[in-house]
Amino acid sequence: MTRFFNEESSVETVNERMGDEVNPRLKALMTSLVAHLRAFAKDVNLTQDEWDFAIDFLTKTGQISSVERQEVILLSDVLGLSMLVDAMNNRRPVGATENTVLGPFHVEGAPIRKMGDTISIDGKGESCEYVGRVCDLQGNPVAGARIDVWSDNADGYYDVQQPQVQPKWNNRGIFVTEADGKYNFLGIKPVSYPIPNDGPVGKMLAALGRHPYRPAHMHYLVTAPAFQKLITHTFVGDDRYITSDAVFGVKDTLVAPFERVNNGKTVWRSPFDFILVPDEDE
Ligand code: BEZ
Ligand code: FE
């Protein structure tokens, strides 16, 4: 047992202070965190000025956060931590649709729409027909799957970012599959947009010579009884930011075809199947 703090034995000194009745998982998490924080400070030879700057940065990150603005998640996103935690917790068999970040713009309670309906209420942008199936790993259709979809508008903003400008539920909707597992709806071909960059995280990206853009994508939250929840996007492959997503959300398997069509209905067509994995806990 070390009595007083010193540089050499800082990890032991701090971790020994923990009580005996501490939740074992909390103990494991905090013991490791203390060790890694020390390793970081030692590795970079952290100066007092640098640590003061970091405290100020973290303080501002908390202060700008609110119900509408989650700067702490944004920090985790741009550091690649959100995608790492997601990857570690959603390892799926080959063939299953992969997860990616949820992002801050999902809204509960979007209208349930009929297959074939449009989610684009403001009528702006290049129209696109989205089609495909929800199925299991064997290719069997999944009935009763709820496909909750949302995207930005043609100006690169979600409806919730422009409540005075865009109609409510613009580019959002929920579609429920029938026995054939098929879905189709109309929307727009999404456009790339910057993540909120007027706060400390935006400043950090600028200081690191990083742009704040996400490549164009459609968001999906697909749920079905007895299947694992799927949180994912489909991406527009020829987007200029496809290999430099500010939040590292792109995966090869999520780049979807966007085919130019001449069907008298839409300018684009994007086919994509969602392959779900059974939920072991059910
Ligand atoms: C989004 O795609 O909506 C998003 C994801 C992470 C951070 C910011 C926005
Ligand atoms: Fe998005």
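Read the numbers this way: they start at 1 and go in the same order the structure lists the ligands and their atoms.
- For ligand 1, the atoms sitting less than 4.0 Å from at least one non-hydrogen atom of H219 are 1 (C), 2 (O), 3 (O), numbered in the order shown with element in parentheses.
- By the 4.0 Å N-to-carboxylate-O rule, R214 lies too far from D152 to be salt-bridged with it.
- Summary of contacts: the protein heavy atom closest to atom 6 (C) of ligand 1 is D77 OD2, 3.3 Å.
- The shortest separation from a heavy atom of F248 to ligand 1 is not under 4.0 Å, leaving the residue out of contact.
- Contact check on E7 versus K42 returns a salt bridge, with a Lys/Arg side-chain nitrogen under 4.0 Å from an Asp/Glu carboxylate oxygen.
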Verdict with reasoning, Y241 to H211, per ring-ring contact (aromatic ring centres under 6.0 Å, His included) | CA-CA 9 Å; Y241 300 110; H211 70 71; 4.7 Å; yes

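- Computed with the Fe ion (ligand 2) at the centre, the Y158 OH to H217 NE2 angle is 110°, stated to 10 degrees.
- Taking the six-membered ring for Trp and thresholds of 30 and 60 degrees, Y158 and Y193 have ring planes more than 60 degrees apart, a perpendicular arrangement.
- Salt bridge status for K265 with E129: present, with a side-chain N to carboxylate O gap under 4.0 Å.
- Scanning the protein for heavy atoms near atom 5 (C) of ligand 1, the closest one is G103 CA, 3.4 Å.
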Given the rule in the ring-ring contact (aromatic ring centres under 6.0 Å, His included) test, do Y220 and F272 qualify, once you have shown the distances and angles that lead to the verdict?
-> CA-CA 11 Å; Y220 294 95; F272 193 85; 7.3 Å; no

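- Near H217, the atoms of ligand 1 lying under 4.0 angstrom from a non-hydrogen atom of the residue are 2 (O).
- Shown in contact with L74 at under 4.0 Å from a heavy atom are these atoms of ligand 1, numbered in order with element: 7 (C), 8 (C).
- Summary of contacts: the protein heavy atom closest to atom 1 (C) of ligand 1 is Y193 OH, 2.8 Å.
- Salt-bridge formation is not detected for the pair K189/E126: no Lys NZ or Arg NE/NH1/NH2 atom is positioned less than 4.0 Å from an Asp or Glu carboxylate oxygen.
- Counting heavy atoms only, P104 comes closest to atom 4 (C) of ligand 1 of the residues P190, S82, P104.
- Among the backbone and side-chain atoms of H233, none of the N, O or S atoms lies under 2.8 Å from the Fe ion (ligand 2).
- The atom of H219 that is an N, O or S and sits closest to the Fe ion (ligand 2) is NE2.
- D159 and R172 are joined by a salt bridge, as a carboxylate oxygen and a charged side-chain nitrogen come within less than 4.0 angstrom of each other.
- Ligand 1 is never approached by H106 to a heavy-atom distance shorter than 4.0 Å.
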